[in-house]
Asker: 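Sharing a structure with you now.
The figures that follow rest on heavy atoms only: side chains count, while hydrogens, waters and symmetry mates do not. Keep in mind it's a predicted model, so treat the numbers as computed, not measured. Order of the sequence lines sets the chain letters (A, B, ...), proteins ahead of strands, with each chain counted from 1.
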There are 2 protein chains.
Amino acid sequence: MSRATIKDLAKKLGVSPSTISRALSDHPDISENMKEKVRLVAEELNYTKNRRASGLRKNESNIIALIIPEINMFFMPELIYGVNLEAEKSGLSVAIFQSDNSLEKEKELLKYCLEMSFCGVLLCLSVETKNLSHIDKITKKEMPVVLLDKVLNTQNYSTITIEDELAGYQAAEYLHQKGHSSILSIFGNPDLSITNLRKDGFNKALQNYTDFPSKHISLEIENILSLDSELETILTSNKNISAIFCMSDELLVNTHHLLMRMEYKIPEQISLLSISDGFVPYYLYPNISHLHHSGFEVGVVAVNELLENQTDNPNHIKVKTKLFEMESVKEFY
Amino acid sequence: MSRATIKDLAKKLGVSPSTISRALSDHPDISENMKEKVRLVAEELNYTKNRRASGLRKNESNIIALIIPEINMFFMPELIYGVNLEAEKSGLSVAIFQSDNSLEKEKELLKYCLEMSFCGVLLCLSVETKNLSHIDKITKKEMPVVLLDKVLNTQNYSTITIEDELAGYQAAEYLHQKGHSSILSIFGNPDLSITNLRKDGFNKALQNYTDFPSKHISLEIENILSLDSELETILTSNKNISAIFCMSDELLVNTHHLLMRMEYKIPEQISLLSISDGFVPYYLYPNISHLHHSGFEVGVVAVNELLENQTDNPNHIKVKTKLFEMESVKEFY
DNA sequence: GGAAAACCCGCAAACGTTTGCGGAGGTTTT
DNA sequence: AAAACCTCCGCAAACGTTTGCGGGTTTTCC
């Protein structure tokens, strides 16, 4: 037994399918009397509209796709929430797809979205994606695409990203303001643009404050496994370090572990500040002060950009981070 | 300029649309010669199939929906990964939707999935959902539904869940095996079935081991905010407690914080064991031994159940947890 | 009372794809 | 040489919905 169609309702009521269709969409040409009858019989036969047929005929879609490399535990949940909330305001649904960080799968999904005639795609690039040529090749501008979070330089698509440089700047600024002058900063993979942006911002602040001493050690960690030993070496030979800055959650967790193992008291013996997606700082003890980047806002802004900017002038929007003062940084005199 | 259709290719080649369609799907009735010409002109005009039209005509879908209450940082990423991987094996895509823990939105999404003619729905119930009547009311058995993770008792749908009772049992068993006899166990909201299952399992193990002393304190936390004070009271008045068991990540984090604040050394002064989704134990110091429940496996099993069991005999499958021995439990003599 | 509105509904084509059937042309079989 | 067969393709209907147009019936207005 297959689903009831408009034709079934029409037959049952002895009217034409057009009348049913119009009645269901509350068209003024149809009498209230008839509309009521249609509603009743639709209920009775448990009619549900066929969106494939409807979409085909009307050539419109009300679903936007969100393609992400993987659903990690930090940034993505918030981002998805933001996208959902904002899409809902426009009566749109969101379908999420996962590229598993594979360029090949990213292509497949893009093609799929086009074939499904979604009204737009929010794309968070996979790590394998090094340029954007595949997007045009697949979509041929037939479907709007907005890049978010993980992006590449482009003049063809709007991008929504985090204000990484400012976040780095504010981190250094905050530590300076708290009186710290002997600082260890830890950065991640130097191949990633976020690493360099955050580092540039951090260093720019250091230069701005002339009363900042030269006593600033910077660490670049390519492989997280090497953090432990490198960090321990530095800490033991630089007893005067009063604060550590970590540019990411991953570095934060590992740094925190080492500090605990070395029996440092935070923040009494050493202060700790990070840039974070928002959860890890609450798990650790004590809770870690951090510059929070809001996936939520990125999601909201991205949906708006997708829906509103139908021109060929892409915007490049950066979402600011926000300082959360918790318990891991103390005033230093 | 809209997308090229089969008709456009047909016109360009001076053949009929049927030929194009068959050529594209590699039908044996079409000569290799013609197929090649079609491929070329399809490339040239950048043809992409219209899945709405195709699905409408063929009345088949290759996309399964996954409805989840929210994308949290623990269980869901793994689950989504499992679902994706298993669906891909059958050439299916996965669309993820978020109900925001709202029953109303859950209904809307179910309706939407039906209207989109998806080939099936994996449903993780929202917290607001107290019975399953809405599912039948909406889908009318026109679309297979499998419940996973957050489920309710039912004879109408297959369910895939975690072996909660066994997890509780194994936790107690493990602590006993490690020589602990004075144990504090902490459970969450007693309204949730997982709470009671885990608790039942835990207590069952306690009874099995006759050499377990009566010195076992159990705590039920309805509001996480009250954990701190209650726990502190118990710990200060029961100095001989050698191990704490937490039934969830949330309880674990809060318990761990209090222990740190009270300057307990883990595991030297007190052992800590939990049931976990897999991330928190690695963030905390030291890493926490835990019974891990695999969202991944739940996802894999759920897809298989959805695709294979098209009968009216629902299965109720429970996925076992697995012990991860880390650094938070020591032998106690 | 006649004309013009207003109201209500049906006809039929269209969205893009798929597919059963049939048939023209050529090759092989009897 | 007729029959049987194979190859390759077109015709047309169908999936379920929407919508421009047109027309019949009732109401309104001067």
Asker: Does A:Leu56 or B:Ser16 map to a spot on DNA chain D nearer the 5' end, using the closest nucleotide for each?
Answerer: B:Ser16

Asker: For the pair made of CZ in B:Arg52 and P in D:dT18, what is the distance, rounded to whole Å?
Answerer: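 So the CZ-P distance, B:Arg52 to D:dT18, works out to 12 Å.
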
Asker: How do A:Ser18 and B:Thr5 order along DNA chain C: which one's closest nucleotide is nearer the 5' end?
Answerer: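 Result: A:Ser18.
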
Asker: Relative to the 5' end of DNA chain D, which residue comes earlier, B:Gly14 or A:Ile6, by the nucleotide with the nearest heavy atom?
Answerer: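 The residue whose closest nucleotide sits nearer the 5' end is B:Gly14.
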
Asker: Taking the side chain of B:Lys58 as heavy atoms from C-beta outward, which of C:dC8, C:dT19, D:dT18 is closest to it?
Answerer: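 The closest nucleotide is C:dT19.
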
Asker: Would you say C:dT18 has OP1 or OP2 under 4.0 Å from some side-chain N or O of B:Ser21?
Answerer: yes

Asker: Less than 3.5 Å apart, any donor N or O on the side chain of B:His134 or B:Glu106 sitting next to an acceptor on the other?
Answerer: yes

Asker: For D:dC15, does the base pair up with any side-chain atom of B:Asn59 as donor and acceptor (N or O, under 3.5 Å, distance only)?
Answerer: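 Absent.
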
Asker: Taking for each residue the nucleotide of DNA chain C bearing the nearest heavy atom, is the 5' side occupied by B:Arg57 or by A:Pro28?
Answerer: A:Pro28

Asker: Rounded to whole angstroms, how far apart are CD1 on B:Ile30 and P on D:dC6?
Answerer: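 One finds 18 Å between P of D:dC6 and CD1 of B:Ile30, rounded.
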
Asker: Between P on C:dC21 and NE2 on B:His27, what's the gap in Å once rounded to a whole number?
Answerer: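 It is 13 Å, rounded to the nearest whole Å.
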
Asker: How long is the line joining CD of B:Glu115 and P of D:dT17, in whole Å?
Answerer: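 Answer to the nearest Å: 10 Å.
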
Asker: Are side-chain heavy atoms of A:Asn50 and B:Glu115 found at a separation under 4.5 Å?
Answerer: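 Answer no - side chains too far apart.
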
Asker: Strictly by modelled atom types, are B:Glu128 and B:Ser102 linked by a side-chain donor-acceptor pair under 3.5 Å?
Answerer: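 No, because no side-chain N or O of B:Glu128 sits under 3.5 Å from a partner of the opposite role on B:Ser102.
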
Asker: Take atom CZ of B:Arg51 and atom C1' of C:dT18, then tell me their distance rounded to the nearest Å.
Answerer: 15 Å

Asker: Can you find an N or O donor on one side and an acceptor on the other, under 3.5 Å apart, linking the side chain of A:Arg22 with the base of D:dG20?
Answerer: yes

Asker: Specify the separation, in whole Å, of atom CG of B:Asn33 and atom P of C:dG26.
Answerer: 16 Å

Asker: Nearest of D:dC9, D:dT17, C:dC8 to any side-chain atom of B:Met34?
Answerer: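 Within the option list, the nearest is D:dC9.
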
Asker: Could you tell me whether B:Asp191 atom CG has more than 12 heavy atoms of other residues or ligands within 6.0 Å of it?
Answerer: yes

Asker: Starting at CG of B:Asp29 and ending at C1' of C:dG26, how long is that distance when rounded to a whole Å?
Answerer: 16 Å

Asker: How many Å lie between CD1 on B:Ile20 and C1' on D:dC8, as a whole number?
Answerer: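 In whole Å, D:dC8 C1' lies 14 Å from B:Ile20 CD1.
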
Asker: Side chain of A:Ser31 only, heavy atoms from C-beta on: which candidate in C:dC8, C:dT17, D:dT18 is closest?
Answerer: C:dC8

Asker: Decide yes or no for B:Leu66 and B:Ile68: does some side-chain heavy atom of the first lie under 4.5 Å from some side-chain heavy atom of the second?
Answerer: yes

Asker: By nearest atom, which of the nucleotides C:dC15, D:dC15, D:dC8 is closest to the B:Lys7 side chain?
Answerer: C:dC15

Asker: Give a yes/no answer on whether the side chain of A:Ser54 brings an N or O atom under 4.0 Å of OP1 or OP2 in D:dT18.
Answerer: yes

